Amino acid sequence: MANRRANAEDLGVFDQLQRSAKIGWWKCDLGRRTFSFTDYLAGFFGAPDGMLALDDYLQRIHPDYRGKITENVSLQAVSQGYFDEIFPVDSQFGYVWIHFRLEKKYTDAAGNHCLEGFAQLLDSDDPRVENYAGKSDALSDLLNWQNTISGSLVKLLSAHDSDAVIGDTLMSLLHKFEADRAYIFLI
């Protein structure tokens, strides 16, 4: 019984720490097109049952960032298993900056692609916000591609099947540059 109370106390402490850090987990089920959150994030987004339709969530992303984030989810998260972005979203408190990071990509028993990660609400004076707010699209795209390339290199170095990683990376480049072919040259 004492162990059970200690676990309940631990959960209470953990919940308080999450709230203090303004952080919580999220899960996106691409097959069902749903987005689930921890209670903390659900309250922030005004989703009492802890779930939003994926399209509803995407509409909450600031219009200046929505296209880029939607594209990066399909290019980076789904194909490469990498997504680490900071962007403004509409919440119960107006637009606020949030840091979304993918930690796990998998296929569930029903065959649906699922993504899981964490989200942290950022204060307006957070240096990470200053790095993203007001940047030109060209610079923002460059920073995103730098993140994508870094993620691809990490995946390439840790993968057992490097051919699949190279194929995914080339597909991302084809999509990014709206090309129909990609070549690799040895110099």
Side-chain angles (χ1 to χ4, degrees), residues 24-37 41 44-45 47 51-91 94-108 111-122 126 128-156 158-159 163-184:
W25 62 260
W26 56 265
K27 177 182 175 182
C28 179
D29 185 325
L30 296 171
R32 293 181 184 92
R33 303 211 37 89
T34 57
F35 219 102
S36 308
F37 307 95
L41 292 174
F44 175 77
F45 286 116
M51 189 174 290
L52 288 173
L54 179 58
D55 294 330
D56 291 342
Y57 175 75
L58 293 174
Q59 287 303 309
R60 292 173 184 249
I61 298 172
H62 191 282
D64 292 347
Y65 293 80
R66 188 178 303 135
K68 178 184 73 165
I69 296 301
T70 303
E71 179 181 326
N72 287 346
V73 166
S74 64
L75 281 177
Q76 295 175 4
V78 175
S79 69
Q80 297 177 1
Y82 177 80
F83 185 81
D84 189 357
E85 297 284 346
I86 295 173
F87 51 91
V89 294
D90 193 12
S91 72
Y95 279 103
V96 295
W97 287 84
I98 193 163
H99 177 202
F100 258 70
R101 181 171 176 167
L102 174 67
E103 291 295 326
K104 182 174 154 184
K105 171 187 150 185
Y106 63 95
T107 304
D108 68 9
N112 296 323
H113 293 291
C114 297
L115 309 171
E116 290 180 1
F118 72 85
Q120 182 179 23
L121 306 178
L122 303 175
D126 188 301
R128 292 174 290 179
V129 170
E130 293 172 13
N131 287 338
Y132 283 84
K135 299 290 184 191
S136 71
D137 287 339
L139 181 57
S140 182
D141 284 346
L142 182 62
L143 290 172
N144 285 328
W145 272 99
Q146 180 183 7
N147 284 340
T148 301
I149 291 168
S150 296
S152 294
L153 288 174
V154 167
K155 193 172 179 183
L156 182 63
S158 62
D163 289 344
V165 175
I166 292 169
D168 288 346
T169 303
L170 290 175
M171 290 303 293
S172 294
L173 288 170
L174 288 173
H175 183 76
K176 172 67 177 171
F177 296 107
E178 298 175 7
D180 57 0
R181 289 183 198 96
Y183 299 97
I184 298 176

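Since this is a predicted model, take the numbers as computed values, not measurements.
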Within-4.5 Å side-chain heavy-atom neighbours: [X] and [Y]:
X: Leu30; Y: Asn112; answer: no
X: Pro88; Y: Ile61; answer: no
X: Leu52; Y: Arg60; answer: yes
X: Glu116; Y: Glu103; answer: no
X: Phe100; Y: Phe87; answer: yes

Rounded to the nearest 0.5 Å, how far does [atom2] of [Y] lie from [atom1] of [X]?
X: Thr70; Y: Asp55; atom1: OG1; atom2: CG; answer: 9.0 Å
X: His113; Y: Arg32; atom1: NE2; atom2: CZ; answer: 13.0 Å
X: Trp97; Y: His62; atom1: CH2; atom2: NE2; answer: 8.5 Å
X: Ile98; Y: Ile86; atom1: CD1; atom2: CD1; answer: 10.5 Å
X: Phe37; Y: Cys28; atom1: CZ; atom2: SG; answer: 9.0 Å

- Query: Going through the checks in order, is the side chain to side chain contact (heavy atoms under 4.5 Å, CB included) test met by Phe44 and Val96?
  - Reply: CA-CA 10 Å; Phe44 175 77; Val96 295; 2.8 Å; yes
- For residues Leu41 and Ala119, report the shortest heavy-atom separation together with the two atoms involved. CD1-CB, 3.8 Å
- Query: Step by step, would you call His99 with Asp84 a side chain to side chain donor-acceptor pair (under 3.5 Å)?
  - Reply: CA-CA 7 Å; His99 177 202; Asp84 189 357; 2.4 Å; yes
- Item | Positive for side chain to side chain contact (heavy atoms under 4.5 Å, CB included) with Val89, one of Tyr95, Phe45, Tyr65 | Phe45
- Do Arg66 side-chain atoms and Gln59 backbone N/O form a donor-acceptor pair below 3.5 Å? yes
- Message: I'd like to know whether the aromatic ring centres of Phe118 and Phe83 sit less than 6.0 Å apart in this structure.
- Response: no
- Item | Trp26 ring center near Phe35 ring center (under 6.0 Å) | yes
- Query: Should the pair Arg33-Asp56 be classified as a salt bridge under the 4.0 Å nitrogen-to-oxygen rule?
  - Reply: no
